[in-house]
Every structure is written in C-alpha cells, then in structure tokens.
Amino acid sequence: MRDGPPPVWNAVPPRNPRFVGRDPVLAGMRDHLSKGRPGLALTGMGGIGKTQIALEYLYRHVDDYDAVWWISAADIKSVRESFAELGQRLAVGHDARAALRALAEGVPSGRWLVVLDGASGPVEIEPYLPDGPHGHFIVTSRNPEWPFPTFGIEVFSRRESLRLLTLRDTGMTAEDADRIAEAVGDLPLAIEQASAWIAVTGDTPETYLRMFDSALKELTSSGESPQADLSAIWTVSLRTLSEKHPGAEALLGLLTFFEATRISRADLKTVPTVEIPAALERVLTDPVEQSKALRELNRYAIVKIDHRQGTLQVHRLVRDAVQRRLDEDTADQLGRLANVLEDRVAVDVEWSTDTPAEVDLLKRDALAAVLTRRLTETRERDPRSSLLIHLDGAWGSGKSTLLNFLGRRLTGSGYLVVRYDAWQQSRLSPPWWSLLSALRRKVVTDRKRWERGRLRLRETAERARRSGAQYLLALVLLSVTAGGLALAVRAAIGGAGPFAEVLKITAPAVTALGILWTGSRVAARMLLWGSARGARLFEQSDTNPMGRVAEHFDWLLRHSRKPVVFLIDDLDRCKDVQVVESMEAIQTLVRDAPRRHDPAAPLPPAAYFVVAADGAWLRKAYAAEYGATDSLGYQFLDKLFQLTVPMPALSATAQQRFLGRLLRPGSAETVPWQEVEQAKERIGDADGNEQAVVGTLAAMSPELRDAVAVDATHALLGTSARTQREHILRKFAPLLPPNPRSIKLFLNNYTILRAVRTLEGVAVDIDSLALWTILRHRWPAVADALQREPDAVRGIIEPLWCSETFPDELQAMARSPELRAVVMHRPGGPLTPDVIRQCCGTA
C-alpha cells in the first residue's frame, strides 16, 4: 500500500465516510477498466450519486495509479485550464494538448486516472478525453449519450437507502427509515439530506415526513413540479436554517450565486464596497460567525467542505432550490455580490513567499523548454563542444525559478543535472573543488548501488595518480607505521594457550588495518583534494594544479552515463573576487574541451553550464578585479558566454495580469477559448514562417497574444523557421565585425531574443529586432543605457543632443558613425524609443 496520495494528485475531494452500496457498479467499473479499455461514463439524474461513485472507485484503487487528476468539467474552459495545469506539473508544456499527448505516451506520469466530473455532453468534452494504454478516464454526466461504454446509475435500492439512513445515530427504526426512503424516492442525495436533518435537529422521522409533505403540497399548489426540480427535498432543511441559523441561510444564498463549482474560502475573507444584506454582513466580517455558519451548512449536508483545499461545494440541485426561494431583489443583490467577490482584486492577499515558484505564472517553464531544446541541439550536432549560457536578470527577476523549471526539464530529457549554489560554496572552498565535488557526487549517485563503490575506488585511484609522489610517500609511511605498531601490539600480548595465540594474530592485524584505513582517509582528504583544505594545499604544492583538475574533470565526464549540465545560481550574491574566481574555474574546466590529455583515451563529452546572475554585477566584479574601464566587464562576458538570455521583462499589461493571478489563483481568462483555438490554428497555418507568425501575433489583442505565446514560440523554433531566419538575417552581415564568431553570436542571440519577446507577447518586427541584437552585441553599454532610457536614442540619431542624453563615459561610443548606421539602417530602422521598448519587452 502506498503511504499518501500518488506523486501527481489534483483537486480530489475527500473520501465520503458514509458511502454505502453500489458494489455491482464498482465491480463492473473495475472489470471494464482492467481489460485495457480507456474509459467509461457514469450517467444519471442529478443527486443520483455519480460523483460519489467515481470518488469511491478512485480511493479503492488509488494504489494502481501514479497520477490522479480530478477536473470539474461543467464548462470547457475549466477543463482546458486544468489540463494545461497538468501539463505544467508533468513538465511537458503549457496547454491541454501537451498534457493529453503526455498521458497518451505514458511519459512521465506512468499509470494515470483522469476524472471529468459533471460534463455536459460529448461534443464539448470529447476533444479532451485522454487516450492511450497507460491510464483510464471516468466521466460523470446527466447526459446519457456518449460514444463509449456508459454505466447508467439508478436510485438506491431500498436496502441501500435504509443503510444510509441508519448510519447516523438517530434512533430511527427500520419502519421509519422505510417511510422516509419511500417519500424521497430512494434518491441518494435526498436520503443524505433527510438523515442529516434528523440527526442535527433531534426531531422525529414523523416530524420530518410531516414537513416534507407540507412542502410538497405547497409547491404543487403553486404550480411547481417537485418531480422535476426536487425542491421539496431541501425545503425542510432550508426552513429550519431560516428559523434557527439565519446567518448560515444568508451565506448559503450567497454561495449559490458563485460561478465556480468549488468556491475558495479565501473569497469570503473580505467585504467589497457594495451593498450587503444585514444578515450576511456579520458572517463575512467575523471569522468566528463564518465558521459557525459553515459548520451548520455542513451538518445539514447542504454544503460540502474540503478542509485540505480550503474549498466549498454546493450541489446544483441545492443551488436551484435555494435560488427559487429568493425574491428578485435579494437574488439580484446576492448575484452582484458574488460576482464582485469572485472577480475582485482582493485587499486581504494571502502571503506569498519569495522562494522560487513551482507554478509557472510567467512562462518561465516555456523558456526552460526553449533552452532545453537548444542544449539538446548542440549536443546532437557536436557532443564535444561545450556551451555556456548566461541567464541575465536583476535580483527578483525569476532566475532561480527558471533554473528550477530548466532542471526539471533537463532531468526528464536524460541529462545529469548538477545544481551549484555559488554563494553558499564561495565561503567554504575553492570554486574548482566544489564544482568537481558536485560533479563527482552526481556521477556516483547516478549509478546503481552495487556499482558506486567500484566507481569511488577508481576515482580515488585517478586522483592518486594525478597527485604524484606525495600521496604514495604518505601511504608508504603509513604502511611502515602500521607494521611497526602491529609488531609492538604482538609483543605486548603475553600468556600462552589457544586464546592468546589467536589474539596475537588478530590484534596486530586489526591495529594495522585501522591505522591504514584512518590514515589513508586523512591522507586522501589532505593530499588528494578530498576536502576544501586539501584542495588549497594541492593548489600550493602542485606546479600545474588546474591542468590536473581539468584532466580529472574530463575523466568524470567520460564516466558519466548522461550529458552533464551545471546550473549555477546566486553568483550575483558573491563578492567581486569570488565572482571572478568562479567564472575562471568554469572557463578553465570547459574552455579547451575537448582535451586529449591521454592520446589513447577517448575524447570526453562536453559539459554545459547555465549561469544565472545579474550581468551588471558580473561586469562590476571584473572591473573591480582587473581595473575599471567602460567596456572591460562586457568584453569578459562576451568571451565567456556563447549565449546570453535576458530574463523576460514585465510590461505594464503583464504586471497587471501577474498580479491578478497572484490575488486570484485559477481566475478565468478574459479571452474566449474559441478565439484562442482559432488563433492557434492561424499560427499553425504559418508553417514556421517567422514573418507570418509575427504578423499574426501583431494583429491580436495583448490578452490573445498572451494566451497563444507558447504555441507561437514553439512554431518559431522549428527547422523550417530557422532556415528562413538565417536567409532573412543574411542582409545584416555587413553591420557585424568580419569574423565567424560575431556572426554566430548574432544568430544565437537573435533567436533567443525572439523566443523571449514572443513569450512576453511582444510582436516586434524582424528587422528591428535584428538591429537591436547587433547593437547589443557591438555596443552593450550603450544598449543597457537605451534599455533604461529609450528616449536617449535621440542622442544617436541627432549627435548634437548626445551630451544631453548620454553620460560622459558613453558619449564617444554614442557618437560612433557605425552605431548611428545601425540605428538608422533600413530596413528595420530607425530604432525609435517605441521600437526599443518593444525590443526590450517593456512596451
């Protein structure tokens, strides 16, 4: 039995402790799904128990599944958003289609179960039914027509009704229970309501039957049809609430007007500035009164409370019954209040921690997918070429979050991910040693247990071989010392007899082995750089320490069964000297790769480094170490990194959207899903043509661009798009320095800039983005100044204004005729302030 839920678990309601009967249905479901059939539907009238049957099946067989995803399927928008969330949890994408593909392939979720609760019909829901041999789906619906096997659910048998009615301690006789079951037609939800009312009030079954009969006659005389809407079943409980718990009745009225199937209790924490009924105001403003009201609603089985998820649920039939009892003015007032509570920007926001996010609200996971793809392409094209990537962003821009998503994706793609916190390690050891130690641990733990010891011994032998005579001399001295102590111990043992003879053999041996073991461990830590102190000693005693370290780094790469990626975080929290030492250690380990230190050894695979740090901080560190000049820091970073990835910017629209998602998690988007699907089709029809994709995005509203940004980014990363892009960008070659590296960096940086801007929902023109990429590459200090103040470009376009718009140290560069030629170049130019804002993602 598994302890707790499976690894992937979403929105599953608590198990019903009073579930009874339904054994034939549950057995039939089990038989059907165990034969490899993908899914089934539970159909029947409202209140018949479809949801409870699906829930009971889930809990009985939860150990069979690695992923369980419960979806409230009353509207298609919720279905699509829930599958999109599943895609993020599985790290396969941001839309429903990616999640459905992953489920069909069984990667990485294994066996799965998806429950679509309360679906309206097959036309809407069929595109979202998961398929494949790896899991099952269950649909619950009042609609009996489905293109796959259905289980029609009937009312309780009388035996099941009697069992549920007598579960609570009400003192009800079998005859009383039979009369109540007959009156409510054995409807499970009505049976539960009647049982709860009798248990809570302490009244007799006769009283309940009398009140029920009265309500039935009243509804019949007013023209209502109890058989159709079942309102009479709840009239008894609602009247009791009105008399004894007016606050609970008022709160129930409000809850019935929420659109969400599950209502978050957080929505009831604040009172917006709209008119509120007097009976309701105290419940919304006093947490104690609110808890009392909810407790009463739960006791009467009118509202279900999920304490784990902090949600409330009101059955559709209860909603209808409550709303029928309200006068028009009250219904209108409660409806407006519910809309405000659901859609408001809350005043009382739940505390949000500053730790890296696990839920992707800013498309960081989509950017992680872009980087994973880039790394994989590099590895496939030339597995011996290293790649250093710089994630450039200020503190708080989400670099650690992006590294988390990237690490998850790389691990799922077969990489050995080595996480390295530069700030934590900087105070403990030389950077090269902590990098090497982190790699060693990952390579060893990636092996099976029985292989780890052997690899550790081989790795220690390699270090001993590279450490030279010092370690061998230490071992010789240890051996001599151990032998001498062993002889001394043997001589000290006196006496005769079998025991003494055994002791004379074992005691010296144990002594010698203990000395050798302890001494060799100490020697390894001190002489084989097995500790931070040993690493510093190695640096001081060896004539070529970094050369030997690089050789050992290669040895570890050759013995890793997976390509290695280092994720370096928090470098911009280190001091200047620590920043430079860390970057020089990284450069030393990869700059000459592949190296053939041993002509007979195979070439090692390359290692990849992703460094998340504020570029301004890195440049400052290099300037402090090597002398302050305008461009020194930029030159160092330009030589270090083959790809610089700017962290996505937050425009005003994106900030508003992000804030809304934080304040109201799971809030509905404003773009109809039909428009989103049509926009995705138009992007697909562009067939990777970048001009067509960008033009399609430019014609959309900001909200629609945001909804399809991930799809557009993937469309722009295909082989066809890359070939067309290289052809289009060829005309900008005369603006670049005449060397192959500059051209390669230009293409790399343009591609990643296009991906980042597209994820932000910015549809910047191809030629303008190309000019900005060239400007960033050739005059990065000027580009940083323009990013901070785009209007300063006037000083480049009109040199007379240069002294007014640029600081003294940048004026010489800003007056460069070559820079002005780039800014004014046609096509693409001139780079106006608005165009620069687009290129920087701040428009």
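One distance of note links OG1 of Thr758 with CG of Leu367; it measures 11.0 Å at 0.5 Å rounding.
Taking the side chain as every heavy atom from C-beta outward, Ile766 and Glu690 approach each other to under 4.5 Å. Taking 4.5 Å as the limit, some side-chain heavy atom of Trp772 sits within range of a side-chain heavy atom of Leu753. Put simply, the side chain of Val417 reaches to within 4.5 Å of the side chain of Arg419, judged on heavy atoms. With a 4.5 Å cut-off on side-chain heavy atoms, Met813 and Phe806 do not count as touching. Residues Ile683 and Val708 have side chains in contact (heavy-atom distance under 4.5 Å, counting atoms from C-beta outward).
Other residues, nucleotides and ligands contribute only 12 or fewer heavy atoms inside 6.0 Å of the NZ atom of Lys744.
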Side-chain donor-acceptor distances from residues 782-791 under 3.5 Å, at least two apart:
{"from": "Asp784", "atom 1": "OD1", "to": "Arg776", "atom 2": "NH1", "distance (Å)": "3.4"}
{"from": "Asp784", "atom 1": "OD1", "to": "Arg776", "atom 2": "NH2", "distance (Å)": "2.8"}
{"from": "Asp784", "atom 1": "OD2", "to": "Arg619", "atom 2": "NH2", "distance (Å)": "3.0"}
{"from": "Asp784", "atom 1": "OD2", "to": "Tyr634", "atom 2": "OH", "distance (Å)": "2.6"}
{"from": "Gln787", "atom 1": "OE1", "to": "Arg776", "atom 2": "NH1", "distance (Å)": "3.4"}

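Of all heavy-atom pairs spanning Phe83 and Ala96, the tightest one is CB-CB, 3.6 Å. Nearest heavy atom pair, residue Ser768 against residue Val764, reads CB-CG2, 4.4 Å. Scanning both residues, Ala763 and Val694, for their nearest heavy atoms gives CB-O, 3.8 Å. When all heavy atoms of Val823 and Leu775 are compared, the pair lying nearest together is CG2-CD1, 3.8 Å. In terms of heavy-atom proximity, Asp576 sits nearest to Lys620 at OD1-NZ, 3.3 Å. The heavy-atom pair separating Pro830 from Val835 by the smallest distance is O-CG2, 4.5 Å.
For Glu818, the salt bridge (Lys or Arg N to Asp or Glu O under 4.0 Å) partners at least two apart in sequence or on another chain are Arg778. Every residue two or more places apart in sequence or in another chain was checked for a salt bridge (Lys or Arg N to Asp or Glu O under 4.0 Å) with Asp685, and none qualifies.
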List the steps and the verdict of side chain to side chain contact (heavy atoms under 4.5 Å, CB included) for Ile586 and Phe566. CA-CA 10 Å; Ile586 293 172; Phe566 283 83; over 6 Å; no

Between Tyr415 and Thr376, is a side chain to side chain donor-acceptor pair (under 3.5 Å) present by the stated rule, with each step listed? CA-CA 9 Å; Tyr415 288 84; Thr376 300; 3.0 Å; yes

Set out, in order, the CA-CA distance, both residues' side-chain angles and the distance that settles side chain to side chain contact (heavy atoms under 4.5 Å, CB included) for Tyr608 and Leu388, then state yes or no. CA-CA 6 Å; Tyr608 310 105; Leu388 272 68; over 6 Å; no

Quick one: do Arg705 and Glu760 satisfy salt bridge (Lys or Arg N to Asp or Glu O under 4.0 Å)? Show the steps, please. CA-CA 9 Å; Arg705 280 203 299 270; Glu760 295 167 347; over 6 Å; no

Report the C-alpha distance between Arg373 and Glu377 in whole Å, list the side-chain angles of each, state the deciding distance to 0.1 Å, and finish with yes or no for salt bridge (Lys or Arg N to Asp or Glu O under 4.0 Å). CA-CA 6 Å; Arg373 182 169 181 168; Glu377 289 174 351; 3.6 Å; yes

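The side chain to side chain contact (heavy atoms under 4.5 Å, CB included) with Ile389 is formed by just one residue from the set Leu406, Asn748, Val565, Leu643; it is Leu643. Between Lys399 and the choices Asp570, Asp572, Asp569, the salt bridge (charged side-chain N to carboxylate O under 4.0 Å, His left out) rule is met once, by Asp572.
Under 3.5 Å, the side chains of Glu804 and Trp801 contain no donor-acceptor pair of N or O atoms. Side-chain atoms of Asn739 and Ser742 include a donor-acceptor pair closer than 3.5 Å. In this structure, a donor-acceptor pair under 3.5 Å is present between the side chains of Arg815 and Gln811.
In summary, Arg409 and Asp365 engage in a salt bridge, as defined by a charged side-chain N under 4.0 Å from a carboxylate O.
Checked against the 6.0 Å centroid criterion, the rings of Tyr622 and Phe636 qualify as a close aromatic pair.
When atom types are taken as modelled, the side chain of Trp617 and the backbone of Cys574 share a donor-acceptor pair closer than 3.5 angstrom. Side chain of His390 to backbone of Ala613: a donor-acceptor contact under 3.5 angstrom is found. In this structure, Thr411 contributes its side chain and Gly407 its backbone to a donor-acceptor pair below 3.5 Å. Side-chain N or O atoms of His727 include none that pairs as donor or acceptor with a backbone N or O of Leu729 at under 3.5 Å.
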